[in-house]
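Note that these values count all heavy atoms, side chains included, but never hydrogens, waters or copies made by symmetry.
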There are 2 protein chains.
Amino acid sequence: MLIFSEDPWARAGLAAALRGEAGLEVVGQLGGPDGWQAYAPDVVLWEAGESRPDLEALEPPVLALVGHEAQATAWLAAGARGVLWRDSEPEALSAALRALAQGLVVLAPDLAEPLRPGPRDPEGEAEPPLEPLTERELEVLRLLAAGLSNKAIARRLEFSEHTAKFHVASILGKLGVQSRTEAVVRAARLGLVML
Amino acid sequence: MLIFSEDPWARAGLAAALRGEAGLEVVGQLGGPDGWQAYAPDVVLWEAGESRPDLEALEPPVLALVGHEAQATAWLAAGARGVLWRDSEPEALSAALRALAQGLVVLAPDLAEPLRPGPRDPEGEAEPPLEPLTERELEVLRLLAAGLSNKAIARRLEFSEHTAKFHVASILGKLGVQSRTEAVVRAARLGLVML
DNA sequence: CTCGTTCCTGGCCGAATGGCTAGGCTGGCG
DNA sequence: CGCCAGCCTAGCCATTCGGCCAGGAACGAG
């Protein structure tokens with residue numbers, strides 16, 4: 001097992017915490033993926049920095065330690081085989097690393113939520129009495145989600161800026177929000193547009 | 001660890017295969033969940049039958065062994081903390097069970113696909129020369145994505161509206177966009193924020 | 001010590017945004 | 001025919017947004 005972290009102290013701490021674990025051998029520590037081949041690790045433990053993860057050239061499975069959810073999804077997308085919170089217990093790290101070495105995928109419980117097709121919050125909801133958007137409004141919404149200004153929308157759809165504002169206002173009303181940004185987020189969550 | 005399977009031979013086989021694994025103790029075998037309390041297991045290994053899984057009354061984390069994908073999703077939805085294929089190696093089972101006991105979620109690689117947000121268009125890209133955002137900027141970005149106005153962000157983070165505008169401008173610059181809406185969409189695509 | 005970076009604050013200004021009211025045009029329906 | 005829904009246009013107005021310039025406090029690196 002090879003440890004990556006931009007922070008030397010974090011590397012040392014992780015190595016020390018895992019040293020005692022049976023069946024785990026820390027073969028080295030690095031600041032990043034450069035030169036990993038020399039260690040021929042079966043698994044990589046990587047404490048995520050804020051920079052974008054790059055696992056391209058890395059062949060062994062990677063367990064990413066992350067601090068917040070956005071990081072988690074970024075690392076998953078980048079191909080990490082395991083994602084745990086930074087404050088996980090050493091025993092959890094050790095167990096996760098062993099599972100990784102077996103080719104399995106390991107996640108912190110919170111991060112597995114999207115997998116559960118979901119009984120959907122039973123009570124809450126309350127929200128989408130959502131009047132249906134007209135075809136025209138959907139067109140505008142898509143441009144809205146692309147980040148276009150009212151003026152740009154008007155040019156694209158060949159009507160006046162006033163009309164653009166009219167449709168946008170109508171969309172805001174139907175979605176129950178008061179800014180175009182909120183509208184985009186809401187629409188994305190409702191599946192009305194793809195981001 | 002407690003083993004469930006409708007098939008007594010399968011129970012025996014699993015127990016035998018796992019008997020050798022260090023740090024795992026098979027405390028019993030049952031045909032189903034009835035009466036599990038008597039064994040006080042830390043984990044349950046359950047070879048899935050074709051019937052609908054019911055994990056309601058079951059308190060320890062469950063590792064389900066499934067034969068096909070429909071089963072896998074059914075068991076995940078039912079609350080299984082781990083799902084592996086029936087033909088997994090004993091070493092993989094053992095590693096998975098230990099991770100389960102640590103409160104982690106374990107999956108066969110194929111089953112984790114839905115988590116990876118996108119295969120990323122392989123060719124295109126060209127885009128993210130993306131300077132990293134500072135911690136403060138990420139905080140602002142998250143509120144931005146919630147649709148808050150500069151004023152609201154300033155209140156929430158307890159600094160002046162000017163500072164909010166300053167950070168927003170900095171975010172726009174780093175993401176290479178010119179409106180907050182674009183910034184949110186871009187950040188979502190990059191995995192910097194969850195919508 | 002100076003330098004550079006990050007974070008925070010301020011003022012100014014033009015443009016964009018969102019709420020409002022008030023039209024006109026079309027086509028479907030009773 | 002009148003009525004209504006969806007669509008487009010228009011003006012007014014307060015607020016917000018985004019760009020620009022300038023400065024201060026804190027901290028680590030040189």
Atom-to-atom span, CZ of B/R155 to C1' of C/dC8 - whole angstrom: 18 Å
Candidates A/Y39, A/W46, A/W75 - the one meeting ring pair (Phe, Tyr, Trp, His ring centres under 6.0 Å) with A/F4: A/W46
Residue B/E69 excluded, over 12 heavy atoms near CD under 6.0 Å: no
Member of A/V177, A/V193, A/L172 meeting the side-chain contact (heavy atoms from CB on, under 4.5 Å) criterion with A/R186: A/V177
Between C1' of D/dC7 and CD1 of A/I153, the distance in whole Å: 16 Å
Length of the CD-C1' vector between B/E139 and C/dC8, whole Å: 13 Å
Footprint string (nucleotides 9-26 of chain D, 5' to 3'): B base within contact, S backbone only, - free, heavy atoms under 4.0 Å: BBB----SSBB-------
Can I get a per-line list of side-chain donor-acceptor pairs under 3.5 Å for residues 138-162 of chain B, giving both atom names and the distance, sequence neighbours left out?
from   : atom 1 : to     : atom 2 : distance (Å)
B/E139 : OE2    : B/R136 : NH1    : 3.1
B/S149 : OG     : B/K151 : N      : 3.4
B/S149 : OG     : B/A152 : N      : 3.2
B/N150 : OD1    : B/R180 : NH1    : 3.1
B/N150 : OD1    : B/R180 : NH2    : 3.3
B/S160 : OG     : B/H162 : N      : 3.2
B/S160 : OG     : B/T163 : N      : 3.2
B/S160 : OG     : B/T163 : OG1    : 3.3

Test item: B/Q71 side-chain N/O and B/G67 main-chain N/O as donor-acceptor pair under 3.5 Å: yes
Atom pair CG (B/L2) and CD (B/Q29), whose distance is rounded to the nearest 0.5 Å: 9.0 Å
Main-chain N/O of A/A48 paired with A/R86 side-chain donor or acceptor, under 3.5 Å: yes
Minimal non-hydrogen separation, A/S94 against A/R98, with atom names: OG-NH2, 2.6 Å
Phosphate OP1/OP2 of D/dC8 contacted by A/H167 side-chain N/O (<4.0 Å): yes
Nucleotides 4-6 of chain D: which of its N/O atoms have a protein N/O under 3.5 Å away?
none

